[in-house]
Engineer: 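The structure that follows is given in the form of structure tokens.
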Amino acid sequence: MKRTFLGVLTLALVLTLFWQRSPTLAQAPAQPLNPAVAKGHGGAIATVDSRATQVGIDVLKAGGNAIDAAVATAAALGVVEPFSAGIGGGGFMVIYLKNADRVITIDGREQAPATATVDMFKDPDSSTGDLLPFMPNRISNGAAVGVPGTPSEWAEALSRYGTLTLAQALQPAIALAENGFAVDATFASQTAQNQARFTAFDSTQALYLPQGQPLGVGEVFKNPDLGKTYRLLAEQGVNAFYRGEIGRAIVQTVQQPPTVSNPPFRVISGGMTLADLDQYAVRVRPAVKTSYRGYQIYGMGLPSSGGITTGEGLKILEGFDRGQDLGQIDRSQVWHQVIEAERLAFADRNAYLGDPEYVDVPLMGLRSENFTSQRRQQISDRAPADEKTFRAAAGNPLPYHIDPSPSLTALPVAAAVKTEEGLSTTHLVTSDRFGNVVSYTLTIESTGGSGMVVPGYGFILNNELTDFDPASPHPNAPEPGKRPRSSMAPTIAFAPDGRVMAFGSPGGSTIITTVLGIAVNLMDLGLPIDEAIAAPRISQRNGGVTQVDSGLETGALGQALTALGHVLEPSPEIGAATGLMIQPDGAILAAAEPVRRGGGSALTVRP
Ligand code: GLU
């Protein structure tokens, strides 16, 4: 049975390769116009890019499962969305295995090398210990690079729950890298936006700024070096990356960044060694489960703050009665309460959350009913008097912390220095004919990561270590071998009526507020997944003003929130999300963004 399936799949992959080698495609492959929303049966894929979505659908059609499709799709995104994701980064995968009725999470987060210290981003020229400027210095250097987790995460997911080998799952992405694809508006604008810092690195300039300029929309981009790297992974497995020639090239890049002779800004080097790569391992962790208005929501636990912070926000909100009649809901009160719940949840996140292998996080207290209801009581009918300057203080979960090994540390006082504004990262969802579901967020941190392409290997290294708080003591302070706290929040939820939903988003710490907002749209306001994703975003991260999608501030909801005292700041893009919803009879609604980041792409196996 398995052999027949593999035969069919191999044939499909060969056909894909053959098709993609055709001269027409090599000359000017137009991006197929996949819709952002798709209905159907038998499995689905939603991503930000139609070529990646197509790769996933091909895998499902050839008999692969949701896990196979997630890895093949992510590998394709590493080619067509190289500034958001790839093997130089990390991510978090949430998997629902229908037959076993289990949710599993895989932590493929980057890890600090043994040389990491709290002052790793200190300006070498400063006598007062000032940090390097965040942009471009702190994000573009060797010290910011964490040991990548993505190749290991793909291999682990496939070997545990997939039916394909890593070699098979990488084939479509190899074809895309080697045969090329048409540059789309996102690729072109992300290259242009990074042009200044990409010129600091020979390897990046050569790949992404041929003739010194970004490629224009419609031009064909090929990345044979990345094709070669994927082939190495296919032939030798992840050892080529963590213990072989790719690893040696990574260490060389980190220790001696491939700068031009006179880079436009100071580029510091990092201390990652082959031993750091050798010691990397993904973690299979229990999901964070939150029950909310009858829904069971499974999210990512630490070192991501995603599942915990969205969970805290939702538990705070759950105590507000929504009544029986959706038509009667006062939407401005709902979103006012969301803003306030987010503010409080972020105060707690910034104070307590960090890598659980390094910090004793008072999770039981933070997640207790008593604590969240105490937080809810701090929400009034209006915004704080001066929202612009107001910062909520962290709550004290310790009285409700009945864990047998309570934290002995004092309550943290260090205010987090926050720089989590990114639009980068990518989220994908997959489902298969068996009912398995994957919700997977992956990243290289900033759009364009560290800016450093590993010479000869065609992929960009992450700058994930900038997600640490460069302050000590702090639960998220950099330490050797530690994983920086993330906001990524891949989510799978089960409705009381038997529907299964998966969703997630990119967007730095706005990931949390985007995912929370989608949950409220689905679970409080009864929207279907496509509308829940397309709806305007409102984001409060205990940072003063409340960010909203541009235009919301002048509409009826925006005016009502302003009347409640909120200071709304329009933002060009908050969270290019994707999601899907499966009805109990198997009918699927898959959805990507209709507009944000140029619109995404959703397909089902049988429309
Ligand atoms: N590094 C971020 C995180 O892990 C994701 C980057 C982004 O989405 O901008 O939370």
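Order of listing sets the numbers, starting from 1, for every ligand and every atom in it. Computed from a predicted structure; not experimentally measured.
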Engineer: Looking only at distance, does R485 have an N or O less than 3.5 Å from an N or O of ligand 1?
Structural biologist: no

Engineer: Which atoms from ligand 1 have a heavy atom of E464 less than 4.0 Å away?
Structural biologist: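 Going through ligand 1 atom by atom, the ones under 4.0 Å from E464 are 1 (N), 2 (C), 4 (O).
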
Engineer: If you take the centroid of each ring, where Trp contributes its six-membered ring, are Y208 and F221 closer together than 6.0 Å?
Structural biologist: yes

Engineer: Would you check whether R109 reaches within less than 4.0 Å of ligand 1, judged by its heavy atoms?
Structural biologist: yes

Engineer: Under 4.0 Å, heavy-atom basis, I'd like to know which part of I511 is in contact with ligand 1: side chain, backbone, both or neither.
Structural biologist: side chain

Engineer: Which of the numbered atoms in ligand 1 are under 4.0 angstrom from any heavy atom belonging to T443?
Structural biologist: 5 (C), 6 (C)

Engineer: In terms of side-chain geometry, is the basic nitrogen of R285 or D107 positioned less than 4.0 Å from the acidic oxygen of its partner?
Structural biologist: yes

Engineer: Does an N or O from G508, backbone or side chain, lie closer than 3.5 Å to an N or O of ligand 1?
Structural biologist: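 Yes, since at least one N or O of G508 sits under 3.5 Å from an N or O of ligand 1.
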
Engineer: So, F198 versus F83, ring centres under 6.0 angstrom or not?
Structural biologist: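 When the ring centroids of F198 and F83 are compared, they turn out to be within the sub-6.0 Å range.
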
Engineer: For R537, run the side-chain contact (heavy atoms from CB on, under 4.5 Å) check against V548, T513, D549, T510 and tell me which one passes.
Structural biologist: D549

Engineer: Using only atom types and a distance under 3.5 Å, with no angle test, would you say the side chain of R109 pairs donor to acceptor with the backbone of R485?
Structural biologist: yes

Engineer: State whether K315 and E312 are salt-bridged, where the test is any N-O pair (Lys NZ or Arg NE/NH1/NH2 against Asp/Glu carboxylate O) under 4.0 Å.
Structural biologist: no

Engineer: What atoms in ligand 1 come closer than 4.0 Å to a heavy atom of M488?
Structural biologist: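 Selected atoms, number and element: 4 (O), 10 (O).
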
Engineer: Which ligand 1 atoms, with their elements, are less than 4.0 angstrom from a heavy-atom of D467?
Structural biologist: 1 (N), 2 (C), 3 (C), 4 (O), 10 (O)

